[in-house]
Amino acid sequence: MIIIEDTGNYMKVNGIIAEYNPFHNGHNYQLKESLRLTGADFTIVVMSGNFVQRGAPALLDKHTRAEMALRCGADLVLELPTLYAVSSAEYFAGGAVTLLDQLGVVTHLCFGSECGRTESLCQIAACLSEEPAEYSAALRHCLKSGLPYPLARARALAEVHTLLPEAFDSILSSPNNILGIEYIRALLNRKSSIIPITVKRLGAGYHDKFISGSDCLCSALAIRQTLYNASPREPLLHMPPESEMLLRTWLREYRPVCSDAFSSALYYKLLMEKESGYEKYLDVPSELSNRIRKQLNSFAGYESFCHLLKTKNMTYTRISRCLLHILLDLKKEDMITAKALDYVPYARVLGFRRAAEPLLGAVRKCASIPLVTKMADAEKSLSADAYRLLRQDIQAGDFFRCVAFEGSGKAVGSELSLSPVIV
């Protein structure tokens with residue numbers, strides 16, 4: 001426990017893992033509710049950078065999204081390294097939880113879920129982590145009966161757990177529940193002292209594409225779809241005013257960024273490596289590599305190519321992530337190197353509140369990894385392998401701005417020259 005010098009009280013620090021793509025009323029509710037539930041003095045957000053977990057670019061740049069969070073109550077925003085931000089739920093959670101744990105000050109991890117029951121998610125996470133013999137046997141039996149893996153896993157859990165009344169297939173088919181379980185598993189694997197707490201998700205579902213009702217807590221996807229189709233003239237009542245103002249400021253200069261904006265770059269990358277294949281890239285199996293090579297002549301755009309490659313056993317989202325791994329040059333060996341470095345060997349600051357100076361002081365004192373605030377000096381404080389991981393964030397950031405700024409007349413600039421947002 002860290003003591004706040006001004007008061008002599010123990011510091012409680014809430015951790016949140018997010019994308020804020022963009023920051024909307026649902027995120028605002030979760031942030032405020034997590035403070036109420038934990039009684040935390042400060043909130044640290046680990047946020048995806050310019051590319052997100054579904055295998056796509058963010059709607060707008062990471063510094064603007066970080067400022068949205070800070071103006072709505074977050075105290076410190078750190079970037080989740082690109083390698084994890086665009087990976088599967090297991091690695092997304094593993095990287096983010098490790099980063100929070102290594103700061104040495106986080107007491108709670110608060111996340112949204114559809115079920116809203118921390119105990120249920122903890123029991124499932126413990127079973128999946130420990131893999132008791134009865135669960136493994138039940139899973140094998142369900143798989144042999146022809147059930148797809150997600151349903152087989154749910155049925156196996158239901159067979160070995162009599163304590164929980166919920167339908168496991170329902171819990172394990174909901175995206176925020178799945179991510180929450182992975183957060184808890186990561187905490188268990190690290191034997192972390194951080195306490196997990198969930199906030200029940202309200203309003204529209206994660207995959208809902210349409211905004212309905214002026215007071216609805218709509219999904220980030222619905223807001224993105226609205227902006228992709230046409231920038232709204234009416235106020236976005238589904239976003240806090242501070243967040244909406246920053247979004248509209250961005251839209252006055254740039255277009256909302258989507259996957260298809262990267263189509264030409266992706267096609268060129270795939271074309272240049274067609275002969276050698278793509279199996280060296282993170283999460284790309286040989287079957288997908290071969291399918292990409294066979295279908296490349298039918299390429300008509302990033303998103304349509306994902307649909308073309310989709311199969312019964314490989315979802316659109318996973319294919320989109322794999323294509324993004326190829327585009328961003330993220331290789332399987334990169335994940336091996338990162339895991340050897342305990343996942344995240346630095347904490348890159350995207351922004352902080354001036355009032356959070358006691359928190360920053362505590363992090364500098366207690367963190368087991370360097371706090372990177374000035375990118376130009378990072379190479380001096382990091383090992384060669386750690387800086388190579390950070391270079392992926394630098395290159396991804398420069399690439400994003402090159403595409404996002406197209407047609408604006410604004411120079412791309414360099415990630416190395418960007419300073420944290422201070423509010």
Side-chain angles (χ1 to χ4, degrees), residues 14-21 23-40 43-48 52-54 69 73-74 80 84-85 87-101 106-129 150-151 153-154 157-158 161 163-190 192 194-208 216-222 238 317:
N14 178 41
I16 289 178
I17 301 165
E19 293 184 331
Y20 295 154
N21 187 33
F23 190 99
H24 56 67
N25 285 345
H27 297 133
N28 197 40
Y29 168 77
Q30 187 216 347
L31 199 157
K32 301 295 191 293
E33 184 68 1
S34 67
L35 287 174
R36 184 187 71 80
L37 291 172
T38 63
T43 296
I44 298 176
V45 174
V46 171
M47 190 188 79
S48 301
V52 296
Q53 204 245 344
R54 61 191 176 89
L80 178 62
Y84 305 109
S87 285
S88 64
E90 177 186 357
Y91 289 116
F92 180 92
V97 166
T98 298
L99 177 50
L100 288 171
D101 193 45
V106 178
T107 55
H108 297 80
L109 170 60
C110 198
F111 55 89
S113 69
E114 289 84 0
C115 77
R117 292 179 291 276
T118 306
E119 183 181 1
S120 298
L121 299 177
C122 284
Q123 288 181 317
I124 294 173
C127 185
L128 294 176
S129 292
L151 184 56
R153 184 173 67 168
L157 282 166
H161 262 292
L163 300 177
L164 301 176
E166 299 92 343
F168 283 91
D169 53 349
S170 174
I171 293 178
L172 290 169
S173 64
S174 301
N176 290 284
N177 289 342
I178 293 171
L179 206 48
I181 290 167
E182 291 300 336
Y183 293 151
I184 298 168
R185 289 183 67 186
L187 290 172
L188 292 171
N189 291 339
R190 293 190 65 80
S192 174
I194 296 174
I195 301 167
I197 295 179
T198 192
V199 174
K200 184 174 177 58
R201 182 185 176 96
L202 301 179
Y206 179 87
H207 294 296
D208 287 355
C216 174
L217 290 173
C218 72
S219 70
L221 174 59
H238 307 81
T317 299

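Keep in mind that the numbers below use all heavy atoms, side chains included, and drop hydrogens, waters and symmetry copies. Keep in mind the model is a prediction, meaning the values are calculated, not measured.
Minimum heavy-atom separation, Pro196 to Thr118: O-CG2, 3.3 Å. The shortest non-hydrogen separation linking Ala125 to Ile184 is CB-CG2, 3.6 Å. When every heavy atom of Ile194 is checked against every heavy atom of Val106, the shortest pair comes out as CG1-O, 3.4 Å. What you find for Glu90 and Glu182 is that their closest heavy atoms are CA-OE1, 3.7 Å. When every heavy atom of Asn21 is checked against every heavy atom of Arg54, the shortest pair comes out as ND2-NH2, 4.0 Å.
When atom types are taken as modelled, the side chain of Asn189 and the backbone of Arg185 share a donor-acceptor pair closer than 3.5 angstrom. In this structure a side-chain-to-backbone donor-acceptor pair under 3.5 Å is present from Gln53 to Ser87. Between the side chain of Asn177 and the backbone N or O of Ile171 there is at least one donor-acceptor pair closer than 3.5 Å. Of the possible polar contacts, none joining the His108 side chain to the Cys110 backbone as a donor-acceptor pair under 3.5 Å is found. Formation of a donor-acceptor pair under 3.5 Å by the Arg117 side chain with backbone atoms of Cys115 is found in this model. Between the side chain of Thr198 and the main chain of Phe111, a donor-acceptor pair closer than 3.5 Å is present. No donor-acceptor pair under 3.5 Å is formed between the side chain of Ser129 and the backbone N or O of Ala126.
Side chains of Asn14 and Thr38: a donor-acceptor N/O pair is absent below 3.5 angstrom, by distance only. In summary, the side chains of Ser113 and Asn176 do not present any donor paired with an acceptor at a separation below 3.5 Å, with no hydrogens or angles considered.
Relative orientation of the Tyr20 and Phe23 rings is perpendicular, given thresholds of 30° and 60° on the angle between their planes.
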ask   = Hey, mind stepping through Tyr84 and Tyr91 against ring-ring contact (aromatic ring centres under 6.0 Å, His included) and telling me if it holds?
value = CA-CA 6 Å; Tyr84 305 109; Tyr91 289 116; 7.4 Å; no
request  = Report the C-alpha distance between Glu19 and Met47 in whole Å, list the side-chain angles of each, state the deciding distance to 0.1 Å, and finish with yes or no for side chain to side chain contact (heavy atoms under 4.5 Å, CB included).
outcome  = CA-CA 5 Å; Glu19 293 184 331; Met47 190 188 79; 5.6 Å; no
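Residues Glu119 and Gln123 are in side-chain contact: their nearest non-hydrogen atoms beyond the backbone lie under 4.5 Å apart.
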